[in-house]
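These notes concern the structure reproduced below.
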Amino acid sequence: NSLKITEGMTEAEVVEIMGPTFIREKYWLGTYSIGYRYMDDAIFMMLTVLMSKDGRVTNAIWQPDNIMYDATSEGGGFK
């Protein structure tokens, strides 16, 4: 589903595809991101969707979720 996210989509359209999220970060000058954690082929991943000030997608970044593999972070590491 995450491959359906394209530049210019609204946050509501992203939520319709991916579902609600509690991962939000605000950046300087009014931009922000929403994030999703998921498992892809036995690898924990993080999808970060970067949003413009007017609430439209500017970029989507997929990467391994380092928090899940970092034993020093709260809730991270394999215990």
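Computation of the quantities below employed the complete heavy-atom set of this structure, encompassing side-chain atoms and omitting hydrogens, waters and symmetry-equivalent molecules.
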Same apolar cluster: [X] and [Y], side chain cutoff 4.5 Å:
X: Met18; Y: Met46; value: no
X: Leu47; Y: Val15; value: yes
X: Ile23; Y: Tyr38; value: no
X: Trp62; Y: Ile43; value: yes

Q: Identify which one of Ile61, Leu50, Val49, Val57 satisfies the side chain to side chain contact (heavy atoms under 4.5 Å, CB included) criterion when paired with Ser33.
A: Leu50
Would you please name every residue forming a side-chain hydrogen bond (donor to acceptor under 3.5 Å, both in side chains) with [X], sequence neighbours left out?
X: Asp41; answer: none
X: Tyr32; answer: Glu11
X: Thr58; answer: none
X: Ser52; answer: Asp54

Rounded to the nearest 0.5 Å, what separation is found between the [atom1] atom of [X] and the [atom2] atom of [Y]?
X: Ile17; Y: Thr6; atom1: CD1; atom2: OG1; value: 7.5 Å
X: Met51; Y: Arg56; atom1: CE; atom2: CZ; value: 8.5 Å
X: Arg24; Y: Ile34; atom1: CZ; atom2: CD1; value: 6.5 Å

Q.
Once side chain to side chain contact (heavy atoms under 4.5 Å, CB included) is applied, do any residues pair with Glu13, and if so which ones, sequence neighbours excluded?
A. Met9, Thr10
Q) Between Lys53 and Leu29, which heavy-atom pair has the shortest distance, and what is it? A)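 Between these two residues, the closest heavy atoms are CD-O, 2.8 Å.
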Q. If you take all heavy atoms of Pro20 and Tyr36, which pair is closest and at what distance?
A.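 Of all heavy-atom pairs spanning Pro20 and Tyr36, the closest is O-CE2, 3.9 Å.
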